[in-house]
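Each remark here refers to the structure printed beneath this line.
All ligand and atom numbering here is 1-based and tracks the order in the structure.
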Amino acid sequence: MTATMPQRVTAITLPERSVFIDGSFREVDGATAAVVNPATEETIATVASVGAEIVESVLAAARRGFETWSRTSVSDRADALDRIADAMERHGAELAAIATSEIGMPIRDARAGQVDLPVRVLRSTAAIAREYPWDRRDGAGSSIVREAAGVVLAITPWNFPVHQIITKLAPALAAGCSIILKPAELTPLTALFVAALCDEAGIPRGVVNVVTGRGSVLGEALLQSRGYEVVTFTGSLAVGRHIGAVAGDAIVRATLELGGKSPAIVLADADLQTAVETTVRNCFVNAGQKCNAPTRLLVPRERTDEAAQIAARVAESYVIGDPTKESTTMGPMVSAAQRDIVSGFLGDAAEQGARIVTGGERDRWNRGFFISPAIVSNASRDSRIAVDEVFGPVLTVLGYDGEADAVTLANDSEYGLSAEVWSADPGKASAVARQIRAGQVRINGVRTPALPVSPFGGYKRSGLGRELGVFALDEFVEIKAVLGDPILDAGTGADAAVNVASGPVVRA
Ligand code: NDP
């Protein structure tokens, strides 16, 4: 299995049937899994599919990794994150190509979302770690020490495979934790590539471990081992619930980033054309396989037809096909199963009286798990298409009667991951944003800022905890109060203590 761009002399070659444990790739016997390119349906690699037999050794490696890494200085750890970012930049073309062949993401989007963005997350986390209040005095004169929580079990999904790994790995490593990563079965190559980048960046043995296998087998075995102090998960509500239950029973921390059914409220005074166009494009990033996609477009009832027509024109403008081409704007679904889920939703919606204004076509392509993006209108508010996460290129247009109804409809969801508000009046947009029960609200189509430090995570069934920025670091530290602490009074302070910032001790 070669993950190379032929012209690059620094190319990384991933060994076949191997896991990354204790600082090196180890070939393992036993079950394997094929990695299939969803655009071509061809097998592009064969990877190890390990199970419970690996758990003891990977936990032991991660525990040893933790013992050393948690004793390093913050500046060393922040520098290490910068070195991983450097390695990712050096190998950016290879990594983007792997992401495209694993999930069918258009290559331009893969470069932006699976290389540039994770690099910025690594660098911003390093900067935050250097400034983080690792060791502070509180108002009572006690030292408040933040220290690494322990071994982290990270279970990640396939839809933004590199970004979702790095949003967990960067703050975990910055905090001084070691990590065991179990990526999605569909995307092992990007995960193993990240392991190779960590190796190239000189991350010590046992600090980063990557094992590949099925969620129901390997994921479950790791989860039930209880040999970790934090479990951090991104994926479906059903699996998230299970992980949260096990973590609750084991009394270990769980951060859960689950699904969404995010609303985009277009207020009556907004420019409908711009709002609808931008919302559709935002919704259809990665063929709609995005947890914070704005999949419910809420418009004044009398403008639903107009909005649906605008949305349909945008949907029909997508260049769907070979994701390796620069001109392609939408690739396939990640798998046949995911495409069938999308078709099933559209079939149900039509049966329940909704109108499929455009999309849902599958026969245009001879191979690959393609489906054309769909716009749905006339759906009832409580129908499946209006309530459940589709995880595909489907946007549902819903009408509302007045601003209060728009807010009620936006909040009428078990999810609360993200939302969008459109208005010509900044004050009104801001006021409506504050009434939405969601972890992130975007006004007038603003995109993720270049500095990815704003917290990301859900209210309600969208999850627990936050990713990105200082909030992410908080998830991986324990807080210790040292009362009557003589070390700070003696002036030896942060440099002398284990796992504290190298800067001066600040008295709060
Ligand atoms: P899952 O929640 O099943 O998978 C997410 C991760 O959890 C994968 O690594 C998976 O491994 C692992 N996993 C599965 N079962 C267990 C278990 N019992 N113990 C430990 N780990 C486990 O999501 P899917 O990929 O199956 O997607 C299903 C739906 O989830 C999508 O249609 C979408 O609605 C939603 N989803 C939401 C995401 C988000 O960003 N919020 C991301 C991806 C999906 P494996 O892949 O090997 O099964």
Minimum-distance protein heavy atom relative to atom 43 (C) of ligand 1:
Pro157 CB, 3.5 Å
Option with minimal heavy-atom separation from atom 28 (C) of ligand 1, where the choices are Ser236, Gly458, Ala337:
Ser236
Should Leu258 be counted as touching ligand 1, given the test is an N or O pair under 3.5 Å?
yes
Just by distance, do the side chain of Gln164 and the backbone of Phe160 share a donor-acceptor pair under 3.5 Å?
yes
How close does the nearest protein non-hydrogen atom get to atom 34 (O) of ligand 1, and which residue and atom is it?
Glu389 OE1, 2.9 Å
Less than 4.5 Å apart, side chain to side chain, heavy atoms only: is that true for Tyr228 and Ile180?
no
Within 4.0 Å of some non-hydrogen atom of Arg214, the atoms of ligand 1 are 47 (O)
If we only count heavy atoms from C-beta on, is the Gln114 to Leu95 side-chain gap below 4.5 Å?
no
Could you verify whether a donor N or O on one side chain and an acceptor N or O on the other, from Arg64 and Ser178, lie under 3.5 Å apart?
no
Please report the shortest heavy-atom distance between Ala196 and Ile12, naming the atom on each side.
CB-CG2, 3.8 Å
Side chain proximity check, Tyr400 to Arg381, heavy atoms < 4.5 angstrom
yes
Mind checking whether Phe160 has a heavy atom under 4.0 Å from ligand 1?
no
Starting from the C-alpha separation in whole Å, work towards a yes-or-no answer on side-chain hydrogen bond (donor to acceptor under 3.5 Å, both in side chains) for Lys261 and Ser413.
CA-CA 7 Å; Lys261 189 73 181 176; Ser413 171; over 6 Å; no
Does ligand 1 have any atom sitting under 4.0 Å from a heavy atom of Gln338?
yes
Is there a polar contact between ligand 1 and Lys182, counting only N or O atoms under 3.5 Å apart?
yes
Residue Thr234 vicinity, atoms of ligand 1 by number, heavy atom under 4.0 Å:
5 (C), 39 (C), 40 (O)
Measure up the Phe284 and Tyr318 rings against each other and bin them: parallel (under 30°), tilted (30 to 60°), perpendicular (over 60°).
perpendicular
Taking atom 46 (O) of ligand 1 as the reference point, the nearest protein heavy atom with its distance
Glu185 N, 2.9 Å
What atoms of ligand 1 come within less than 4.0 Å of a heavy atom belonging to Ala184?
8 (C), 9 (O), 46 (O)
Side-chain touch Cys198/Val210, heavy atoms, less than 4.5 angstrom:
no
Lys290 vs Asn282 side-chain heavy atoms within contact, under 4.5 Å
yes
Any protein heavy atom lying closer than 4.0 Å to atom 26 (O) of ligand 1?
no
Looking at CD1 of Ile341 and CZ of Phe345, how far apart are the two atoms once the value is rounded to the nearest 0.5 Å?
7.5 Å
Is there a heavy atom in Gly213 that sits closer than 4.0 Å to ligand 1?
yes
Less than 3.5 Å between some nitrogen or oxygen of Glu220 and one of ligand 1, yes or no?
yes
re atom 24 (P) of ligand 1, the protein heavy-atom contact at minimum distance is Trp158 NE1, 3.8 Å
Protein heavy atom under 4.0 Å of atom 4 (O) of ligand 1:
no
Among non-hydrogen protein atoms, atom 9 (O) of ligand 1 lies closest to Thr156 O, 2.8 Å
Is a donor from one side chain sitting under 3.5 angstrom from an acceptor on the other, for Glu102 and Thr190?
yes
Enumerated ligand 1 atoms positioned under 4.0 Å from heavy atoms of Gln164:
40 (O)
Proximal ligand 1 atoms for Gly219, defined as those under 4.0 Å from one of its heavy atoms:
19 (N), 20 (C), 21 (N)
Do me a favour and list the nearest non-hydrogen protein atom to atom 12 (C) of ligand 1 with residue, atom name and distance?
Ile155 CG2, 3.6 Å
Of all protein heavy atoms, the one nearest atom 48 (O) of ligand 1 is Gly215 N, 3.5 Å
Under 3.5 Å, is there a donor on one side chain and an acceptor on the other for Thr358 and Glu316?
yes
Against heavy atoms of Pro183, which atoms of ligand 1 measure under 4.0 Å?
9 (O)
Does Lys290 have a non-hydrogen atom less than 4.0 Å from ligand 1?
no
Which residue and atom name correspond to the protein heavy atom nearest atom 33 (C) of ligand 1, and how close is it?
Phe391 CG, 3.3 Å
Sorted by chain and number, sequence neighbours left out, side chain to side chain contact (heavy atoms under 4.5 Å, CB included) with Ile107 holds for Ala96, Thr100, Arg111, Glu326
